[in-house]
Amino acid sequence: MKTFDLDSLVRKNIKELKPYSSARTEYSGAASIFLDANENSFGSPLPENFNRYPDPLQWQLKQEISKIKGIPLQNIFIGNGSDEVIDLAFRIFCNPGKDNVIVCPPTYGMYGVGANINDVAIKEAMLTDDFQLDVEAVLNAIDSNTKLLFICSPNNPTGNNMNRMVMETLINNFPGLVIIDEAYINYSRQKSFIQELTEYENLLVMQTLSKAWGLAALRLGLAFASEKIVDLFNKVKPPYNINKASQQLGIEALTSINQVNENIKITVAERDRLQNELRQFEFIKKIYPSDSNFILIKTSDANNLYNYLSAKKIIVRNRSKEPLCENCLRVTIGTPLENKILIEALKNYKNE
Ligand SMILES: *Cc1c(COP(=O)(O)O)cnc(C)c1O
């Protein structure tokens, strides 16, 4: 097993960075008159005031997350969506024009976009035909400039979990930081890796409030990692990356876990039902197993079916250009009514 040296993984300029010190970082106590941040003391032209800068480290929101996830506050980072977590990982660890990262296509597009924006080379270790990680391909791709490995489980757009033992093997043998993206973990039969953080110091687990929590518009992406890694993210992030409205609404939403669990239950039941229903159509050649809130299907002609559904105002995602996904469409599980309308539309597909 390799030894993990966080210090040697971090870019020199980030190690030496003196972070911006905001007014709220320098004084966070209770005072009655705040004249230190050039805020507008008169208030906002709204029913509620948003004239004060928000908590830079979102402690109250983190407290609610901590309670639900069972993870200590200092191991939680909140990004402006998972997108910000991904971008920060590149900026903290990868020297532009020099370092590289490993991604395992077909997978979430933002890892590659993040790499391209930051001028970081991408090494692709394609998934196997059954959409599992190819251990040899990943290990062979590693060189002395490899900093990050992105694993998405359940994977988007394929929908399946990655084999857990394979993931453990990779974490144990990867010299850089392994980022496991668990955006869909609440729909999965596999348990999260966040309980393993004490086991692996080179692990960062991403989750999000955008999917099972139904808060995509608030942009609340979560990262769980060692305190040292979280400190690096806090140092590099924009001081007020999570706005006040998102913090408040996030806190409020996290008290409604029963409603969220109910919706997850319905989604999973609908996923099973939809998978069964889709079997009746001979133009659907393959229905891939799913541990997420969507199903990938291989069709006889993806473009044609996509256009047919669009004309009926039903929009699915055409993934047929992705590697290993020829003629594949990705269908999000909707409400029971939406799913019923989808099935009815599919029943009429052949007849037109
Ligand atoms: C939807 C999704 C996310 C969530 O992104 P946010 O920026 O948090 O909304 C992250 N990873 C994957 C693989 C996704 O599909």
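Atoms within a ligand are numbered from 1 in the order they appear, just like the ligands themselves. Residues take their numbers from the sequence shown, with the count starting at 1.
- Counting atoms of ligand 1 from 1 in the listed order, those under 4.0 Å from a heavy atom of G81 are 7 (O), 8 (O).
- By the neighbour-count criterion of 12 heavy atoms within 6.0 Å, atom CG of D129 is sparsely surrounded, having that number or fewer from other residues, nucleotides or ligands.
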With side-chain hydrogen bond (donor to acceptor under 3.5 Å, both in side chains) as the criterion, how do R219 and N243 come out once you've worked through the C-alpha distance, each side chain's angles and the decisive distance to 0.1 Å? CA-CA 9 Å; R219 312 307 302 127; N243 70 66; over 6 Å; no
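- Any N or O atom pair closer than 3.5 Å counts here, and Y111 shares no such pair with ligand 1.
- Residue D83 has at least one heavy-atom neighbour below 4.0 Å for each of these atoms of ligand 1: 7 (O).
- Under the 4.5 Å side-chain contact rule for hydrophobic residues, Y288 and Y187 share a cluster.
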For a side-chain contact (heavy atoms from CB on, under 4.5 Å) check, start with the C-alpha distance between E252 and Q248, then their side-chain angles and the critical distance, and finish with the verdict. CA-CA 6 Å; E252 197 181 325; Q248 279 179 355; over 6 Å; no
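- For ligand 1, the atoms closer than 4.0 angstrom to any heavy atom of C152 are 13 (C).
- Within 6.0 Å of atom NZ in K228, 12 or fewer heavy atoms from other residues, nucleotides or ligands are found, so the atom counts as exposed in its surroundings.
- From the protein, the heavy atom lying nearest to atom 11 (N) of ligand 1 is D181 OD2, 2.6 Å.
- Shortest contact from atom 9 (O) of ligand 1 to any protein heavy atom: S210 OG, 2.7 Å.
- If you number the atoms of ligand 1 from 1 as listed, the ones under 4.0 Å from a heavy atom of A183 come out as 2 (C), 3 (C), 10 (C), 11 (N), 12 (C), 14 (C).
- Scanning all protein heavy atoms for the shortest distance to atom 15 (O) of ligand 1 gives Y184 OH, 2.6 Å.
- With salt bridges taken as basic N to acidic carboxylate O contacts below 4.0 Å, none links K98 and D119.
- Atom 5 (O) of ligand 1 has its closest protein heavy atom at S82 OG, 3.5 Å.
- No part of M206 comes within 4.0 Å of ligand 1, judged by heavy-atom distances.
- Among protein heavy atoms, atom 7 (O) of ligand 1 sits closest to R219 NH2, 2.6 Å.
- Annotation: K298, atom NZ; neighbour count of heavy atoms from other residues, nucleotides and ligands within 6.0 Å is above 12.
- With hydrogens and angles disregarded, no donor-acceptor distance shorter than 3.5 Å links the side chain of E201 to the backbone of L6.
- Around atom 2 (C) of ligand 1, the closest heavy atom drawn from E182, E84, K211, M110 belongs to K211.
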